[in-house]
2 protein chains.
Amino acid sequence: MSLNPRQSTESRQAEIIATVVALAAERNPADVTTTDIAKAMNVTQGALFRHFSNKEAIRLAVIDWVETQLMTRLGDAQASAPDVVSGLEAMFLAHVRFIREFPGVPRLVFAELQQPDSSPVRQRVQQIMRRYRQMLAETLGKAKAAQLISPDVDTEAASALFLGAIQGLVMQSMLGGASSDAEVPVLGVLRLYLASLGGKS
Amino acid sequence: MSLNPRQSTESRQAEIIATVVALAAERNPADVTTTDIAKAMNVTQGALFRHFSNKEAIRLAVIDWVETQLMTRLGDAQASAPDVVSGLEAMFLAHVRFIREFPGVPRLVFAELQQPDSSPVRQRVQQIMRRYRQMLAETLGKAKAAQLISPDVDTEAASALFLGAIQGLVMQSMLGGASSDAEVPVLGVLRLYLASLGGKS
DNA sequence: TACTTGTAAGTAACTTATTACATACAAACG
DNA sequence: CGTTTGTATGTAATAAGTTACTTACAAGTA
């Protein structure tokens with residue numbers, strides 16, 4: 001009856017992570033049960049605990065996957081850009097592309113951010129965001145030094161606004177719901193953001 | 001033994017709402033049980049159902065409270081501003097003040113946004129956000145007509161960025177956690193946002 | 001054979017909601 | 001004015017359902 005043959009723990013772990021990310025695209029991640037995951041994999045619920053000791057371990061693995069995915073894409077984007085400001089632009093677009101490809105990701109991140117302060121998974125998310133902001137502040141600093149943006153931008157505020165701009169787009173697409181594919185003004189927001197930095201374009 | 005005397009349904013409903021908002025400031029709203037609410041009120045769990053038929057009814061009442069609070073404050077802010085752009089500024093600051101006063105509010109909104117599309121509570125939140133964006137787009141249109149901002153701003157994008165800017169600040173304060181009171185660059189972000197509109201000031 | 005991956009069934013803990021019963025309180029009445 | 005009586009508000013207990021995790025056993029694989 002099992003349409004799903006035996007597999008190694010390694011490949012099952014990857015499958016579990018992918019399944020969680022996929023399910024989070026359409027449902028509240030907090031309401032995704034181990035039974036839901038197992039059912040989506042054509043496996044019994046108990047089987048999951050052969051590959052992860054806890055449900056928390058699953059959530060942690062999912063966040064780890066998100067981190068490597070996001071950081072790789074951001075790094076690549078920045079690396080293949082001619083100058084620092086184009087790098088910012090590329091990072092912005094890479095981030096948007098990532099969450100467009102995996103709409104469950106922002107929902108997962110939100111869900112973990114709601115967790116109590118002490119939660120290891122939440123602390124992991126905090127760490128990722130902190131690094132992201134540092135990366136942005138650094139890049140903005142370089143842009144300022146290279147006189148590509150106005151010398152009096154508050155780099156801390158500009159980092160917050162960068163993430164906020166993406167947040168705003170995410171929220172707008174989340175609000176639209178699964179049905180309506182309302183045009184989300186990605187490029188419009190990006191243009192506005194760059195304008196706020198007072199660069200020359 | 002009851003330190004809490006009998007009260008009218010009306011006052012109890014208000015108390016329940018306030019308690020949920022307060023609890024959401026420190027815990028995951030999705031994990032706040034009826035027992036938690038009751039315990040915080042010095043009342044037994046079953047008593048809650050004398051005043052609300054469902055837990056969903058409670059959540060709906062909470063969102064209704066958020067709506068009236070937010071809309072009143074935004075309306076007042078805009079009304080008491082000399083010009084349209086100052087109105088935008090005042091709305092921004094009023095929103096920030098509101099969520100600083102009730103840190104549970106954004107968490108509650110996030111939690112409801114994670115709900116399935118069909119959920120009545122989620123639809124309510126969607127409605128509120130839609131109105132908010134319309135209000136913003138309208139104001140931005142007026143500002144453009146009065147030549148207070150650049151004529152070629154994309155008002156839709158500018159609305160999204162307005163909400164995103166606030167979102168970014170919220171996230172930054174959520175990231176800091178309950179402990180660290182890291183300075184959140186509210187004014188810096190507001191200044192950047194206004195700069196993106198290309199106004200003169 | 002020895003180990004890994006899977007299943008089926010079970011369990012303990014938790015959550016919403018209901019139910020049977022108690023008590024405060026206001027209005028009606030003698 | 002004092003008593004009765006109906007209703008709103010409260011409690012304690014519990015029903016019914018869900019969830020994460022465990023265990024005893026089976027079967028594939030090296």
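Proteins get letters first, then strands, A, B, ... in listed order; numbering begins at 1 in each. It should be emphasised that the depicted structure is a prediction, and the values quoted were computed from it without experimental measurement.
- Listed by residue number, the members of residues 8-27 of chain B with any heavy atom below 4.0 angstrom from DNA chain C form an empty set.
- Put simply, CG on A:L161 and CD on B:Q167 are 12.5 Å apart, with the number rounded to the nearest 0.5 Å.
- A close approach under 4.0 Å does occur between a side-chain nitrogen or oxygen of B:H51 and OP1 or OP2 of D:dG10.
- The side chain of A:T34 approaches D:dA20 more closely than any other nucleotide in the set C:dA17, D:dG28, D:dA20.
- Checking side-chain atoms of A:R122 against main-chain N and O of A:L113 turns up a donor-acceptor pair under 3.5 Å.
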Please report, to 0.1 Å, the donor-acceptor pairs under 3.5 Å made by any side chain of residues 18-28 of chain A, with sequence neighbours excluded.
| from | atom 1 | to | atom 2 | distance (Å) |
| --- | --- | --- | --- | --- |
| A:T19 | OG1 | A:E15 | O | 2.6 |
| A:R27 | NH1 | A:D36 | OD2 | 3.1 |
| A:N28 | OD1 | A:A30 | N | 3.1 |

Could you list, one pair per line, each protein nitrogen or oxygen that sits under 3.5 Å from a nitrogen or oxygen of nucleotides 23-25 of chain D, together with the distance?
| from | atom 1 | to | atom 2 | distance (Å) |
| --- | --- | --- | --- | --- |
| D:dA24 | N6 | A:R50 | NH2 | 3.4 |

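- Heavy atoms of A:Q7 sit under 4.0 angstrom from primed sugar atoms or phosphate atoms, though from no base atom.
- Using a 4.5 Å heavy-atom threshold, the side chains of A:Q115 and A:V125 count as separate.
- Contacts of B:F52 classified as ring-ring contact (aromatic ring centres under 6.0 Å, His included), with partners at least two apart in sequence or in another chain: none.
- A:T44 has no side-chain polar atom (N or O) that falls below the 4.0 Å cut-off from OP1 or OP2 of C:dG6.
- By the ring-ring contact (aromatic ring centres under 6.0 Å, His included) test, B:H95 is found to be paired with B:Y132, residues two or more places apart in sequence or in another chain being considered.
- Pairs of residues two or more places apart, or lying in two chains, that qualify as salt bridge (Lys or Arg N to Asp or Glu O under 4.0 Å) and include a residue from residues 89-116 of chain B are B:R59-B:E112, B:R73-B:E101.
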